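Every chain is numbered from 1 and lettered A, B, ... according to where its sequence line falls, protein lines coming before strand lines. Since we're looking at a predicted model, the values are computed, not measured.
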Number of protein chains: 2
Amino acid sequence: MTHGSTLHEVLIVVFQVRRFPDTHGGTKTELGVLLWQRALDPQAGTWSLPGGRLHDDEDLTTSARRQLAEKVDVREVAHLEQLSVFSDPHRVPGPRTIASTYLGLVPISSDPRLPEDTAWHPVSDLPAMSFDHGIMVENARTRLAAKLSYTNIAFGLAPAEFAMSTLREIYCAALGYQVDATNLQRVLKRRDVLTPTGTTAPSGRAGGRPPALFRFTESRLRVTDEFAALRPPG
Amino acid sequence: MTHGSTLHEVLIVVFQVRRFPDTHGGTKTELGVLLWQRALDPQAGTWSLPGGRLHDDEDLTTSARRQLAEKVDVREVAHLEQLSVFSDPHRVPGPRTIASTYLGLVPISSDPRLPEDTAWHPVSDLPAMSFDHGIMVENARTRLAAKLSYTNIAFGLAPAEFAMSTLREIYCAALGYQVDATNLQRVLKRRDVLTPTGTTAPSGRAGGRPPALFRFTESRLRVTDEFAALRPPG
DNA sequence: GCAAAAGTGTTTCTTGTACACCCATGA
DNA sequence: TCATGGGTGTACAAGAAACACTTTTGC
């Protein structure tokens, strides 16, 4: 009676900074999440995170990559990391299913083809979500915001090379509040997160000084501000 | 073929700050972890984390509490939180088993009775560990150290009321380096983590001023230093 | 030249560290 | 009164936020 038929699924919260239609007919840049709409019951019509059953011969990360491949070109996913596990025995109808959630990041520059039932939604205005998927998105959003502050995780959202104004847009969208480009640059430079490419981009349609281009020094997650307080002596 | 008989286990890394015998016959205060020694194969003689199979009708946290009850009085566990999942298909011999790890904290003041096969080990000098349990301890230690810096998680390691010197000992043991008691008090006071009880303890055997006593303002995890950089404006 | 965008410099504030000095107790 | 531990105050440094000012482009 203690362990009958428990299934295990992987669900991935994929974020990308995108332009979404505004309420006034304009557009606004915001954090978007990849969702697909359930055609069948249970909860037909609600929107779900990409993912599915874990296979016997794969670990969670491998599974996450495989499941994502059904929705987007996986090469577009620049970063993938484990979040928490949802294990309430009644979180979904049917056989007991444990869900391991992942955070996935797609750079702003790419616009992968999506299946018919799949679309990006702004996180500030989610549609009716399936089961506990809404909480999972909230969770992931909080984790992303926290990590933007003390790691180099933004490499997952930024293009290979970018101007500081672009990076600023990305931070603003992901954090949900205004960030000063000047200070952003100073902070990231001091922590050795950014490297100047030495090149500049052409200036925009309205003129203006051509921006210097940067890239992320590393494209693997690194903690850049380990201890806010109680640092080791020395 | 895709989902035959995958099992799920919960493993708990339980920490307590304790006195351990020194190499020179003295004692030193250090972070200890609760382990039990396997009597049977596989890997008989190696030391394992407490835990076991997840039941069909319980979520992970409930399971962790139940499993711990077999080793220690669960009321001693002041804090319990989810860590990461280990899902390599071959992490243990036999049927495929996914492990969800938890971090548990026991206050320095309590000394729970333990079963015959169970003992505290200093994290700096672990015995031969079973399977991937050594990595799990390392993981948990890193997470604890990080959270000591930006949350009030130390409430899980401290007694109900304590002098600053005691709290200092706890931080030193858990972090593995010296912490200044003066500054520790200032940091925690500013963040409103500590509340003075207004009482003092009797001074020690060698005299000295009687220390003021404090307690943790909250005994639930709270983030006390959310953004090191890139704070919201205002 | 003017507007627009990018980049630099300066000031101020907060937070944390280091350390010297004062306080309360037991023997 | 002295050793011992506890507590306070002050000086210093680093990091980050705010904002004014300069530079480089298109028109």
Side-chain angles (χ1 to χ4, degrees), chain A residues 29 146 148-152 154 161-172 175 177-214 223-234, chain B residues 29 146 148-151 161-172 175 177-214 223-234:
Chain A
T29 304
L148 280 174
S149 167
Y150 68 90
T151 73
N152 64 345
E161 301 196 348
F162 49 87
M164 282 311 298
S165 57
T166 306
L167 193 60
R168 188 185 98 97
E169 264 196 316
I170 291 170
Y171 271 85
C172 291
L175 291 173
Y177 54 78
Q178 291 306 108
V179 176
D180 184 80
T182 304
N183 295 328
L184 181 64
Q185 179 171 1
R186 238 192 290 270
V187 168
L188 297 182
K189 242 180 190 164
R190 180 176 24 231
R191 295 180 178 177
D192 226 20
V193 171
L194 298 183
T195 305
T197 66
T199 57
T200 58
S203 50
R205 45 219 154 285
R209 177 169 171 173
L213 293 178
F214 296 84
V223 174
T224 58
D225 187 30
E226 195 147 11
F227 299 101
L230 311 174
R231 313 184 228 290
Chain B
T29 304
L148 280 174
S149 168
Y150 68 91
T151 73
E161 300 196 347
F162 49 85
M164 282 311 298
S165 56
T166 306
L167 194 60
R168 188 185 98 98
E169 264 197 316
I170 292 170
Y171 270 86
C172 291
L175 291 172
Y177 55 78
Q178 291 306 108
V179 177
D180 185 80
T182 305
N183 296 328
L184 181 63
Q185 179 171 1
R186 236 193 292 269
V187 168
L188 298 182
K189 243 180 190 165
R190 183 176 17 233
R191 294 179 179 177
D192 225 19
V193 171
L194 297 183
T195 305
T197 65
T199 57
T200 58
S203 51
R205 43 218 155 286
R209 175 169 171 174
L213 293 179
F214 295 84
V223 174
T224 58
D225 187 30
E226 196 147 12
F227 300 100
L230 311 174
R231 313 185 229 292

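- Near-neighbour residues of DNA chain C inside residues 185-197 of chain A, defined by a heavy atom below 4.0 Å, number-ordered: R186(A).
- In this structure, the CG atom of N183(A) is 14 Å from the P atom of dG7(C), given to the nearest Å.
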All N/O pairs under 3.5 Å across the protein-nucleotides 24-27 of chain D interface:
residue, atom, partner, partner atom, Å
dT24(D), O2, R209(A), N, 3.2
dT25(D), O2, G208(A), N, 3.0

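- If you measure from atom CD of E226(B) to atom P of dT15(C), you get 14 Å, rounded to the nearest angstrom.
- Judged by closest nucleotide on DNA chain C, L213(A) is the one of R231(B) and L213(A) placed further toward the 5' end.
- Across all non-hydrogen atoms, the minimal contact from F214(B) to M164(B) is CE1-CG, 3.7 Å.
- If you measure from atom OH of Y171(A) to atom C1' of dA16(D), you get 14 Å, rounded to the nearest angstrom.
- To the nearest angstrom, P of dA17(D) lies 9 Å from CG of L184(A).
- The structure places CG of L175(A) at 13.0 Å from CZ of R231(B), a figure rounded to the nearest 0.5 Å.
- One can place CG of L167(B) at 17 Å from C1' of dG5(D), the figure rounded to the nearest angstrom.
- Each of dG7(C), dG9(D), dG7(D) was ranked by its minimum atom distance to the side chain of P211(B); first place goes to dG7(D).
- Considering N152(A), T151(A), V187(A) in turn, N152(A) is the only one that fulfils the side chain to side chain contact (heavy atoms under 4.5 Å, CB included) rule with V193(A).
- Between L167(A) and Q185(A) there is no side-chain heavy-atom pair separated by less than 4.5 Å.
- In this structure, L175(A) atom CG and dA17(D) atom P are separated by 11 Å, rounded to whole Å.
- Here dC23(C) presents its P atom at 21 Å from CE of M164(B), a figure rounded to the nearest Å.
- If you check every strand for non-hydrogen atoms under 4.0 Å, A181(B) touches nothing.
- Of the possible polar contacts, one joining the T197(A) side chain to the L213(A) backbone as a donor-acceptor pair under 3.5 Å is found.
- No donor-acceptor pair under 3.5 Å is formed between the side chain of T200(B) and the backbone N or O of P210(B).
- If you check every strand for non-hydrogen atoms under 4.0 Å, S165(A) touches sugar and phosphate atoms only.
- Side chain of R168(B) to backbone of V179(B): a donor-acceptor contact under 3.5 angstrom is found.
- Distance check, rounded to the nearest 0.5 Å: CD of E161(B) to OG1 of T166(B) gives 11.5 Å.
- Across the interface with DNA chain D, nearest-nucleotide mapping of D180(A) and A163(B) shows A163(B) to be the residue nearer the 5′ end.
- Among all heavy-atom pairs drawn from L230(B) and L184(A), the shortest one is CD2-CD1, 3.7 Å.
- Per the geometry, OH belonging to Y177(B) stands 12 Å off C1' belonging to dG16(C), to the nearest Å.
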